[in-house]
S.K.: 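One structure coming up, written as structure tokens, with questions to follow.
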Amino acid sequence: MDIRTVGEFGLIARIKNRIPGLFPQVLRGIGDDAAVSFLSPGMDLVSTVDLLVEGVHFDLSLMTAFQLGRKSLAVNLSDLAAMGARPLFALISFAAPSHTPLEFVDDFFAGFGSIAREFEVSLIGGDTSSSPDRLFLSITLLGEGEREKLVYRRGAREGDDVYVTGTLGDSFLGLYLARSQKGKPLVSGAEFLLERHFNPVPRVKEGRSLARENLATAMIDVSDGLYSDLSHICEESGVGATLWAEKVPRSAPFLSIISDISGGDRNWSLKGGEDYELLFTVPPEKRQRLAEVAKDWPCGVTLVGKITPSSQGIAILDEHGPLDPAVVKGYDHFI
Ligand code: ADP
Ligand code: MG
């Protein structure tokens, strides 16, 4: 059975029946001309949207519909995490070819629903269309945050420490393995890296505590690559940075597998995108407090650099001296 069997309205009903119930703050969800919900008293609205195009952002020969459903919400959750906001409501629009199997749609929404439940997000609406040959998805995520606490890219100051959560490069290497080892048995550690690429965990709780505790002066999620995303913070804040390449946290599977890849380089962890970790700056006098707050983060946190005057630009140092930024530039859709 494919989408033609149920039609547009049958499809919407099917989606509605398959997603978790609504959390408080939603007065009217799917089924009206527009959804109605409210923010907690005194909170500001924080909004983000992401567009995912089959063949550009995802490859259905490499990932399941369930994984796609989870990841499509995870990347938006990561954006709100990077603001220190609390996610609340999602809207999903998609255009799918009419021959798309209903099983695909069901699995997608099972994945979407599973992560929505974990992060207490309500799916409150969307839009549906046919598409001639490929899947397009757009997810809007709305959340809330305290005006004085939200964290922007623009707040980094000279002397601040630069931190990242988790480990970097896993997702990039996971995708590399998925493409190059397709159909072959997995080497040890590969499963972890694939999971990091296809099922990233947004650092919502961590972003919220950094905001709540007034620790981060600037924050971004690592979606394009560490070097690229640090450049965004530097540009917005009008500062420079020194990044210590040797300090960049790498997982054990990353280190063991990268050494077996011809041309593989540990510094892939500075350019690889889609880690969805948080990159943030903290004044040095708050080091102790950060350590206390981060004590119960399963992902951990690592000091990787320092904010410098803007005249110094971004310097990357490894044990041999300065690294050429050209080798660690991240992804750009149009270049
Ligand atoms: P309209 O013609 O006013 O845009 P629709 O028929 O597109 O209305 O949508 C009817 C209801 O179903 C709305 O509440 C809308 O938000 C919801 N909806 C439509 N498509 C989706 C979808 N893909 N996922 C979730 N809700 C959807
Ligand atoms: Mg519509």
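All residue numbers refer to positions in the sequence shown, counting from 1.
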S.K.: Treating Ile, Leu, Val, Met, Phe, Trp and Tyr as nodes and any side-chain heavy-atom pair under 4.5 angstrom as an edge, say whether L137 and I115 lie in one connected cluster.
M.R.: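 L137 and I115: one cluster.
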S.K.: Side chains of S138 and S93: do they bring a donor and an acceptor to under 3.5 Å?
M.R.: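 Checked: S138/S93 side chains show no N/O donor-acceptor pair below 3.5 Å.
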S.K.: I'd like to know if the side chain of D59 reaches the main chain of G55, judged simply by a donor and an acceptor atom lying under 3.5 Å from each other, with no hydrogens or angles considered.
M.R.: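 Not a single qualifying donor-acceptor pair exists.
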S.K.: For the atom pair CG (L91) and CG (N76), what is the distance rounded to the nearest 0.5 Å?
M.R.: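 Answer for the CG-CG pair, L91 versus N76, is 10.5 Å.
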S.K.: Hey, could you give me the CZ/CZ distance between F104 and F109, rounded to the nearest 0.5 Å?
M.R.: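 Spacing of CZ (F104) from CZ (F109) equals 10.0 Å.
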S.K.: Yes or no on salt bridge (Lys or Arg N to Asp or Glu O under 4.0 Å) for R266 and E246, after CA distance, side-chain angles and deciding distance?
M.R.: CA-CA 9 Å; R266 290 159 58 92; E246 285 312 296; 3.3 Å; yes
S.K.: According to a 4.5 Å side-chain heavy-atom criterion applied to Ile, Leu, Val, Met, Phe, Trp and Tyr, with indirect links allowed, do I139 and L123 form part of one hydrophobic cluster?
M.R.: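 Cluster IDs for I139 and L123 match.
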S.K.: Determine, stepwise, if the pair L88 / L39 fulfils side-chain contact (heavy atoms from CB on, under 4.5 Å).
M.R.: CA-CA 9 Å; L88 290 170; L39 302 181; 4.0 Å; yes
S.K.: Would you say E277 and T165 are linked by a side-chain donor-acceptor pair, where the criterion is simply a distance under 3.5 Å?
M.R.: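 Present: a donor and an acceptor within the cut-off.
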S.K.: Should we count CD of E103 as having more than 12 external heavy atoms under 6.0 Å?
M.R.: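 No, CD of E103 has 12 or fewer neighbouring heavy atoms, counting only those of other groups under 6.0 Å.
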S.K.: Which heavy atom in L317 sits nearest to a heavy atom in P322, and how many Å separate them?
M.R.: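 So the two residues come closest at CD2-CA, 4.0 Å.
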S.K.: Compare every heavy atom of T217 with every heavy atom of A156, then report the nearest pair and how far apart it is.
M.R.: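 In terms of heavy atoms, the two residues are closest at CA-OG1, 3.9 Å.
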S.K.: Is it true that, when you exclude R28 itself, more than 12 heavy atoms of the residues, nucleotides or ligands shown sit nearer than 6.0 Å to its CZ?
M.R.: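 Above 12, so yes.
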S.K.: Is there side-chain contact between S129 and F136, with at least one heavy-atom pair below 4.5 Å?
M.R.: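 Contact flag for S129/F136 side chains = no.
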S.K.: For a quick test of reading the model, state the closest non-hydrogen atom pair linking L215 to R289 and the distance between them.
M.R.: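 Shortest heavy-atom separation between L215 and R289 comes out as CD2-CG, 3.9 Å.
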S.K.: Fit a plane to each ring of Y163 and F280, take the angle between them on a 0 to 90° scale, and name the class: parallel (under 30°), tilted (30 to 60°) or perpendicular (over 60°).
M.R.: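 Rings of Y163 and F280: parallel, as their planes differ by under 30°.
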S.K.: Salt bridge check, E146 against R86: does any charged N sit closer than 4.0 Å to a carboxylate O?
M.R.: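 So R86 does not pair with E146 through a salt bridge.
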S.K.: Answer whether the closest heavy-atom distance between the side chains of M83 and Y152 falls below 4.5 Å.
M.R.: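 Answer yes - side chains close enough.
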S.K.: Looking only at heavy atoms, what is the nearest atom pair of F38 and L27, with distance?
M.R.: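 Minimum heavy-atom contact is CE2-CD2, 3.9 Å.
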S.K.: Taking L193 as the starting point, is it possible to reach L255 by hopping between hydrophobic residues whose side chains are less than 4.5 Å apart?
M.R.: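 L255 clusters together with L193.
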S.K.: D275 and side chain to side chain contact (heavy atoms under 4.5 Å, CB included): which partner among P200, S171, S78, S223?
M.R.: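 Passing option: S171.
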S.K.: Would K286 and E213 count as a side-chain contact (heavy atoms from CB on, under 4.5 Å) here? Give the steps.
M.R.: CA-CA 10 Å; K286 294 188 174 173; E213 301 276 338; over 6 Å; no
S.K.: I'd like to know if the side chain of K16 and the backbone of G29 have a donor-acceptor N/O pair within less than 3.5 Å.
M.R.: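 No; judged by distance alone, with no hydrogens or angles, the pair does not exist.
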S.K.: K149 side chain to R208 main-chain N or O, any donor-acceptor pair under 3.5 Å?
M.R.: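 No, K149 side chain to R208 backbone: no donor-acceptor pair under 3.5 Å.
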S.K.: I'd like to check F89 versus L45 (side-chain heavy atoms, cut-off strictly below 4.5 Å). Are they in contact?
M.R.: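 No, their side chains stay 4.5 Å or more apart.
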S.K.: For residues L230 and A241, report the shortest heavy-atom separation together with the two atoms involved.
M.R.: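 Closest heavy-atom pair between L230 and A241: CD2-CB, 3.9 Å.
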S.K.: What pairs with R250 under side chain to side chain donor-acceptor pair (under 3.5 Å), at least two apart in sequence or on another chain?
M.R.: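 Result, side chain to side chain donor-acceptor pair (under 3.5 Å) vs R250: N267, S269.
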S.K.: Quick one: pull up CZ in R196 and CG in L175 and give me the separation to the nearest 0.5 Å.
M.R.: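 So the gap between those two atoms works out to 14.0 Å.
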S.K.: Atom CD of residue position E285 - does it have more than 12 heavy atoms of other residues, nucleotides or ligands inside 6.0 Å?
M.R.: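 More than 12 heavy atoms, drawn from other residues, nucleotides or ligands, come within 6.0 Å of this atom.
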S.K.: Please tell me if the side chains of L210 and V151 come closer than 4.5 Å, counting only heavy atoms from C-beta onward.
M.R.: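 No, every pair of side-chain atoms sits at 4.5 Å or beyond.
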S.K.: For the residue pair F172 and W268, categorise the inter-ring angle as parallel (less than 30°), tilted (30 to 60°) or perpendicular (more than 60°).
M.R.: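 Perpendicular, since the angle between the ring planes exceeds 60°.
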S.K.: Taking all atoms of both residues into account, what is the closest heavy-atom pair of L73 and L141, and its distance?
M.R.: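 Heavy-atom minimum between the residues: CD1-CD1, 4.1 Å.
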S.K.: Tell me, do L323 and Y227 make a side-chain contact under 4.5 Å, heavy atoms counted?
M.R.: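 With C-beta onward as the side chain, the pair stays apart.
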S.K.: Would one find more than 12 heavy atoms of other residues, nucleotides or ligands at under 6.0 Å from atom CD of E319?
M.R.: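 Yes, CD of E319 has more than 12 neighbouring heavy atoms, counting only those of other groups under 6.0 Å.
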S.K.: Is there a side-chain contact (heavy atoms from CB on, under 4.5 Å) between K71 and H197? Walk through the geometry before answering.
M.R.: CA-CA 9 Å; K71 189 167 174 177; H197 181 76; 3.6 Å; yes
S.K.: Hey, what do you get for NE2 (H57) to CG (L68), rounding to the nearest 0.5 Å?
M.R.: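 Nearest 0.5 Å value for the NE2-CG distance: 11.5 Å.
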S.K.: Taking W297's backbone N and O only, do any of them form a donor-acceptor pair with E206's side chain (distance below 3.5 Å, no angle check)?
M.R.: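 Between the backbone of W297 and the side chain of E206 there is no qualifying donor-acceptor contact (under 3.5 Å).
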S.K.: Can you measure from CD (Q181) to CG (L186) and round to the nearest 0.5 angstrom?
M.R.: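 If we round to the nearest 0.5 Å, Q181:CD and L186:CG are 8.5 Å apart.
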S.K.: Please list all pairs meeting side chain to side chain donor-acceptor pair (under 3.5 Å) that have one or both residues in residues 303-316, counting only residues at least two apart or in different chains.
M.R.: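 Sorted result for residues 303-316: D161-K306.
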S.K.: May I ask you to test the L62-R179 pair for a side-chain heavy-atom distance under 4.5 Å?
M.R.: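 They are in contact (side-chain heavy atoms under 4.5 Å apart), so the answer is yes.
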S.K.: Find out if a path of hydrophobic residues (ILVMFWY) with successive side-chain heavy-atom gaps under 4.5 Å connects L279 to W244.
M.R.: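 Different clusters: L279 never reaches W244 through Ile, Leu, Val, Met, Phe, Trp or Tyr contacts under 4.5 Å.
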S.K.: Less than 4.5 Å apart, side chain to side chain, heavy atoms only: is that true for L11 and L102?
M.R.: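 Yes - at least one pair of side-chain heavy atoms lies under 4.5 Å apart.
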S.K.: Give me the one residue out of D265, L168, V328, V304 that meets side chain to side chain contact (heavy atoms under 4.5 Å, CB included) with L270.
M.R.: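 Going through D265, L168, V328, V304 one by one, the side chain to side chain contact (heavy atoms under 4.5 Å, CB included) with L270 is satisfied by V328 alone.
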S.K.: How about K205 and C299: do any of their side-chain heavy atoms sit closer than 4.5 Å?
M.R.: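 Counting from C-beta outward, K205 and C299 never come under 4.5 Å.
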S.K.: Should the pair K295-E292 be classified as a salt bridge under the 4.0 Å nitrogen-to-oxygen rule?
M.R.: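 Salt bridge between K295 and E292, a charged N being under 4.0 Å from a carboxylate O: no.
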S.K.: Can you list every side chain to side chain donor-acceptor pair (under 3.5 Å) pair that touches residues 106-125, not counting sequence neighbours?
M.R.: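 Sorted pair list: R14-D106, R18-D106, R70-S114, R70-E118.
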S.K.: Applying the 4.5 Å side-chain criterion to the ILVMFWY set and letting contacts propagate, would L243 and V282 be lumped into a single cluster?
M.R.: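 In one cluster: no.
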